[in-house]
Enquirer: 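Here it is, the structure in full.
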2 protein chains.
Amino acid sequence: MATYFVSQGRDEIPRWREAFSAARLVAPAQARAWVTREDCVWVMADVEAWPGLVEVLRRSGAALAVMSYAPTPREAFQALDAGARAYVHALSPPEVLRQAALVITHQGIWVPPDLMARVVGGAFQALGGADRLREETLQRLTERERSVALAVVEGLSNKEVARRLGITERTVKAHLGAIFRKLGVRDRMQLVLRLSQREPQALETGH
Amino acid sequence: MATYFVSQGRDEIPRWREAFSAARLVAPAQARAWVTREDCVWVMADVEAWPGLVEVLRRSGAALAVMSYAPTPREAFQALDAGARAYVHALSPPEVLRQAALVITHQGIWVPPDLMARVVGGAFQALGGADRLREETLQRLTERERSVALAVVEGLSNKEVARRLGITERTVKAHLGAIFRKLGVRDRMQLVLRLSQREPQALETGH
DNA sequence: TCGGGTATTGGACCGAAGGACAGGCCGGGG
DNA sequence: CCCCGGCCTGTCCTTCGGTCCAATACCCGA
């Protein structure tokens, strides 16, 4: 099993070299040709179009890790989505780098613990969490109120909601009033924010 | 390092026992008391309130894995969110289980490859993809218009936006008018929908 | 049978939102 | 110098959104 390091320039990352003394430094183009399924490849996030490179290399079956000097949750996602199985700070201690290598060569995923929380938290919210909250919120409404709320959240005006549901605009307003009371929101704006995930609300504090 | 298995009943998972012959089967209550930071704990997803249990055990610093007979992306998130570092099918082959154990005891995360794609894919799209569009949209506005738009999307009223930016409510309306024209939306509702990802828009067709 | 929740509508009222029309100031080009 | 675009403001007016006070009708459990 060979270990490769792909970077834009010829940077030697000291900690990294310390961790993998037998590794080879290659250019993006070479990587595409040389890498095989048994290899472990480290890609610096300063390589242009690195997500594309990672995606290509992934097809070879190799274990891929992305390194960044300024890790962000977003970039972490980008890396994982492209097929990398690790996302680490470029200046991580050699023990950490070796640990990550061990993990990814065993089909595992390695992300710094601090990023982990945010990554998983974000992902969870994105997939299930937000929906669940939304559902719970909607369950507090009656059937009719739910219809109205959902229509309003689509951006329809009261008149449009009325047409869609075959009732008077007046009735829509009545339902909306009930919805606002039950959910404790002040207007339709806050309603869509509530039902579209997102922080509690960004109301002004000092009147 | 001890390996524990937490389950509701006294089920013996054959593949699991095969993988960890020296492991101990414990009840949820015992687990809370016995587990230490060096241990590796496997929790069956049929234990009632398993997410809570996982969260408690996580504080001990132990490596946690959740096993399910019917894995779903959603449950996977729930497990990871609770603090588990692995989520595997209860009937996985012993090699896989041992591999997962190796990974999680080295701070890695282990999720079945097929679930991985759906999990990361969905999350990335939700986190990163949407904002890119949002940024592109915002770039079409002038600096001031951007400020107004962002404030409006937070749910602030014109008056509140005016206070925040230190300008007149009239001016806020002027900026908003320009924003609506530029982005081709009819009102603030459509604006928040546009800037909060989500489908094109659900305008009425007729009339 | 009565009370309570739900669905529906009416009218009146008022503040928020948005458009029309008109200006003001400033800075960068042609 | 003039013109244009960004930014800021004003007045007038219309529509929309939300609330209050009622009222009718249905259904359902006590």
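Numbers restart at 1 for each chain; the letters A, B, ... are given by sequence-line order, proteins then strands. All heavy atoms count here, side chains included; hydrogens, waters and symmetry mates do not. Just so we're clear, the structure is a prediction, and the values are computed from it rather than from any experiment.
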Enquirer: I need the NZ-P distance between A:Lys159 and D:dG17, as an integer number of Å.
Expert: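 So the NZ-P distance, A:Lys159 to D:dG17, works out to 9 Å.
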Enquirer: Quick one: B:Leu141 CG to D:dG5 P, roughly how many Å, whole number?
Expert: 17 Å
Enquirer: Show every side chain to side chain donor-acceptor pair (under 3.5 Å) that has at least one partner inside residues 84-100 of chain A, sequence neighbours left out.
Expert: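 Every side chain to side chain donor-acceptor pair (under 3.5 Å) pair that includes a residue of residues 84-100 of chain A, provided the two are not neighbours, is A:Glu75-A:Tyr87.
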Enquirer: Nearest of D:dT19, D:dG17, D:dG6 to any side-chain atom of A:Arg170?
Expert: D:dT19
Enquirer: Check the distance between D:dG17's C1' and A:Glu160's CD and give it to me in whole angstrom.
Expert: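 The distance from CD of A:Glu160 to C1' of D:dG17 comes to 14 Å, rounded to the nearest Å.
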Enquirer: Under the salt bridge (charged side-chain N to carboxylate O under 4.0 Å, His left out) rule, what pairs show up with a residue in residues 168-180 of chain B, not counting sequence neighbours?
Expert: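 Sorted result for residues 168-180 of chain B: empty, none.
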Enquirer: For B:Thr142, report the nucleic acid contact type (base, sugar-phosphate, nothing); a contact means any heavy atom under 4.0 Å.
Expert: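 The answer is sugar-phosphate, as B:Thr142 gets under 4.0 Å only of primed atoms, P, OP1 or OP2.
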Enquirer: Mind checking if A:Thr168 touches a base, just sugar-phosphate, or nothing, with heavy atoms under 4.0 Å?
Expert: sugar-phosphate
Enquirer: Do B:Met44 and B:Trp50 come close enough that some side-chain heavy atom pair is under 4.5 Å?
Expert: no
Enquirer: What is the distance, to the nearest angstrom, from the CG atom on A:Leu191 to the C1' atom on D:dG18?
Expert: 13 Å
Enquirer: Contact boundaries of DNA chain C with chain B (under 4.0 Å, heavy atoms), 5' to 3'?
Expert: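 Listed 5' to 3', the contact boundaries are C:dA16 to C:dC21.
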Enquirer: Starting at atom NE2 of A:His175, determine the distance to atom C1' of D:dG17, rounded to an integer number of angstrom.
Expert: 16 Å
Enquirer: Please tell me which of B:Asp187 and B:Glu169 maps to the more 5' nucleotide of DNA chain D, matching each residue to the nucleotide holding its nearest heavy atom.
Expert: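 Result of the comparison: B:Glu169.
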Enquirer: What contact category does A:Arg144 fall into here, base, sugar-phosphate, or nothing, at under 4.0 angstrom with non-hydrogen atoms?
Expert: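 The residue A:Arg144 makes sugar-phosphate contact but no base contact.
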Enquirer: Can you tell me how far the CG atom of B:Asp39 sits from the OG1 atom of B:Thr3, to the nearest 0.5 Å?
Expert: 7.5 Å
Enquirer: Mind calculating the distance between CD (A:Gln190) and C1' (D:dG17) to the nearest angstrom?
Expert: 14 Å
Enquirer: State, with a plain yes or no, whether a side-chain heavy atom of A:Lys182 is found less than 4.5 Å away from one of A:Thr142.
Expert: yes
Enquirer: Return the value, rounded to whole Å, for the distance between atom CD1 of B:Ile167 and atom P of D:dT9.
Expert: 6 Å
Enquirer: Keeping B:Gln190 on the side-chain end and A:Gly155 on the backbone end, is there a donor-acceptor pair under 3.5 Å?
Expert: yes
Enquirer: Salt bridge check, B:Glu55 against B:Arg58: does any charged N sit closer than 4.0 Å to a carboxylate O?
Expert: no
Enquirer: Base, sugar-phosphate, or nothing for B:Ala174, non-hydrogen atoms under 4.0 angstrom?
Expert: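 Base: the residue B:Ala174, judged by heavy atoms under 4.0 Å, touches a nucleobase.
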Enquirer: Measure the distance from CZ on A:Phe180 to P on D:dC20 and round it to the nearest whole Å.
Expert: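 Between P of D:dC20 and CZ of A:Phe180: 12 Å.
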